[in-house]
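I have placed the structure first, in the form of structure tokens, so that the comments after it can refer back to it.
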Protein chains: 2
Amino acid sequence: MANHVRSIPDKVVGRLSLYRSLLQDHAPENVTHLFSHDLARMARVSAAQVRRDLMDTGYIGSPNKGYEIKKLVGCISRILDNPECENVALIGVGHLGRAIIDYFQGRRSNLCIVAAFDNNPSKVNRIVQGVKAYPISQLQEIVENEKINTAIVAVPGNAAQGVADQLVQAGIRGILNLAPTPLYVPENIYLVEQDMTMSLEKVAYFARRSFNKKGSKNE
Amino acid sequence: MANHVRSIPDKVVGRLSLYRSLLQDHAPENVTHLFSHDLARMARVSAAQVRRDLMDTGYIGSPNKGYEIKKLVGCISRILDNPECENVALIGVGHLGRAIIDYFQGRRSNLCIVAAFDNNPSKVNRIVQGVKAYPISQLQEIVENEKINTAIVAVPGNAAQGVADQLVQAGIRGILNLAPTPLYVPENIYLVEQDMTMSLEKVAYFARRSFNKKGSKNE
DNA sequence: GTAACGCTGTGACTGTTTTCACGGCTTAAT
DNA sequence: ATTAAGCCGTGAAAACAGTCACAGCGTTAC
Ligand SMILES: NC(=O)c1ccc[n+]([C@@H]2O[C@H](COP(=O)([O-])OP(=O)(O)OC[C@H]3O[C@@H](n4cnc5c(N)ncnc54)[C@H](O)[C@@H]3O)[C@@H](O)[C@H]2O)c1
Ligand SMILES: NC(=O)c1ccc[n+]([C@@H]2O[C@H](COP(=O)([O-])OP(=O)(O)OC[C@H]3O[C@@H](n4cnc5c(N)ncnc54)[C@H](O)[C@@H]3O)[C@@H](O)[C@H]2O)c1
């Protein structure tokens, strides 16, 4: 049976993504190689963790040059990225939606927001920061045409479930939900709830009680 | 020695925060009690997980009424919340900053954004959605006066480290960084990097390859 | 009464994630 | 050559997180 690439754990995928962006955006200029130790310091994890994670990419470093940045980035990309560009839809062109468009326009990445949707007539049928905004009624059509399979939900809480239903209907396969209302979607849809309250309450909790504990966490 | 409350693991703190907001905002009306099972379904975790997490709060449910919502919320709050309201500063009043202010104004919560800061003169010395915006130069003063110990960084990447330094200087103890540049802060500051690229790349990765795997993840 | 039910709290277990530690390789220096 | 150094890859161990399964206990039904 196929089983070609053997699925990589969630945690590792997250860190690979982190490593790549550190290598691309924050590696010192004119350095072509680095050691597990260096990447570990940047990512705030242990060197052993880095080496172990990189095992999953298949990339093999050299014992005393370390990892060649370009090659390693390529290797991580071969795992994380769609061979073609990964098309993403954004639902909700409010303050948050616009910040997100900005954010992704600003970074080179395989992820590409190719369409935004809103139900407010005054926000659609125009270009927002380089991304075309459509009325939500065209969701199905555009998702199909643009081969979109991932969506970001940035609408008010009370509209989120309705939007999610439409996304599922339209054939979306993964959803990042930023609204505070948790969504119900079928089993086979990959859903991440990213509620800021939770993150901030964690920060506040540990800030309050750790005077000397080590902190820092990537999420 | 003190050791009064025995520190609760990171993961559990996150779920407690989730449970609370589910109980407060999404519990069916006119229901006073529920079972571990019910909360589990809402939070997308197992019932055993809920029961185990609640052990850390000290709250004891009754075998056949289950948990009294009001009491349980109180109990979680006693763990997560500062006895007084937890004052938070927001740095960067752009699109993202404004979305965040909206977000926290809209939810009852112990977390309270009491001041926003920006270095753009046209954005400060006015009230944004109910929150006073100050020039960044007043950071130290306001942080002290308002007893702020947690901050959200929502400035462009190239300004983030500078802002972080000022926050540490001003006495902040926990930072939620939304800018794409990872920060360096002293050991005793609790830092969470919340980079959207990582979340979205995870979603895209698993969306692409899971036709039948179960999804859903809270972060 | 008392039997049956169904839920909680928790010890024991299982599975996953992280760290440890060391063999092997590659280079540079003597 | 030979040695020394230092990093990589990985098996084994440790730590951590989550699940199972069951005793114990109110409640209800008879
Ligand atoms: N998780 C986080 O970090 C975070 C942070 C801030 C805000 N939020 C949440 O993100 C959401 C958006 O925040 P915002 O500040 O941009 O709000 P906003 O009101 O500025 O924008 C919401 C947009 O959604 C559109 N909309 C409403 N109903 C719709 C529907 N049924 N279909 C399509 N579009 C619809 C509105 O027209 C508006 O343009 C809110 O739910 C907010 O709570 C999350
Ligand atoms: N993690 C996420 O989910 C996420 C999502 C979207 C955007 N972002 C990031 O958040 C940041 C803000 O995004 P935005 O869309 O609001 O950008 P923006 O340009 O609209 O706003 C940035 C604000 O920061 C202010 N600022 C700049 N330098 C400053 C300084 N030294 N001190 C104080 N204030 C300063 C600017 O005046 C501006 O008001 C960016 O770094 C962006 O990449 C993160």
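Residue numbers begin at 1 in each chain, while the letters A, B, ... track the order of the sequences.
- Side chain of Asn149(A) to main chain of Ile172(A): no donor-acceptor pair is present (N/O by atom type, distance under 3.5 Å, no hydrogens or angles).
- Between the CZ atom of Phe35(A) and the P atom of dG9(D) there is a distance of 12 Å, given to the nearest Å.
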Show the distances under 3.5 angstrom between N or O atoms of the protein and N or O atoms of nucleotides 15-18 of chain C.
unit_1  : atom_1 : unit_2   : atom_2 : d
dT18(C) : OP1    : Arg15(A) : NH1    : 3.1
dT18(C) : OP2    : Arg15(A) : NH1    : 3.2
dT18(C) : OP2    : Arg15(A) : NH2    : 2.8
dT18(C) : O5'    : Gln49(A) : OE1    : 3.2

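- No contact: Leu54(A) has no heavy atom under 4.0 Å from any strand.
- Without hydrogens or angle criteria, Gln161(A) side chain to Tyr184(A) main chain gives a donor-acceptor distance under 3.5 Å.
- Ionic pairing of Lys11(B) and Asp53(B) is not present here: no N-O contact between side-chain nitrogen and carboxylate oxygen is shorter than 4.0 angstrom.
- Between Tyr59(A) atom OH and dC7(D) atom C1' the separation is 13 Å, expressed in whole Å.
- Under the side-chain hydrogen bond (donor to acceptor under 3.5 Å, both in side chains) criterion, Ser62(B) pairs with no residue, sequence neighbours left out.
- The salt bridge (charged side-chain N to carboxylate O under 4.0 Å, His left out) analysis of residues 190-199 of chain A, with sequence neighbours excluded, yields the pairs Asp195(A)-Arg107(B).
- In this structure, CG of Leu39(B) is placed 10 Å from P of dT8(C), rounded to the nearest angstrom.
- For residues 27-40 of chain B, the salt bridge (charged side-chain N to carboxylate O under 4.0 Å, His left out) pairs, not counting sequence neighbours, are Asp38(B)-Arg41(B).
- With a 3.5 Å limit on both pairing distances and Watson-Crick or G-U wobble geometry required, the stems of 3 or more pairs in DNA chain D span C:1-30 with D:1-30.
- Closest approach of Val131(A) and Ala116(A) over heavy atoms only: CG1-N, 3.8 Å.
- Note: CG (Asp56(B)) to P (dG9(C)) measures 12 Å, nearest angstrom.
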Give the B/S/- string for nucleotides 22-30 of chain C, one per nucleotide from 5' to 3', where a protein heavy atom under 4.0 Å of the base yields B, of only the sugar-phosphate yields S, and otherwise -.
---BBS---
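- Ion pairing between a basic and an acidic side chain is recognised when a charged N comes within 4.0 Å of a carboxylate O; Asp81(A) and Arg20(A) show such pairing.
- A salt bridge is absent between Lys147(A) and Glu84(A): the closest approach of a Lys/Arg side-chain nitrogen to an acidic carboxylate oxygen does not fall below 4.0 angstrom.
- The backbone N or O of Arg209(B) lies less than 3.5 Å from no partner atom in the side chain of Arg173(A), so there is not a single donor-acceptor pair.
- In this structure, CD1 of Ile60(B) is placed 13 Å from P of dC25(D), rounded to the nearest angstrom.
- Side chain to side chain, Asp165(B) and Gln169(B) fail the donor-acceptor criterion of an N or O pair below 3.5 Å.
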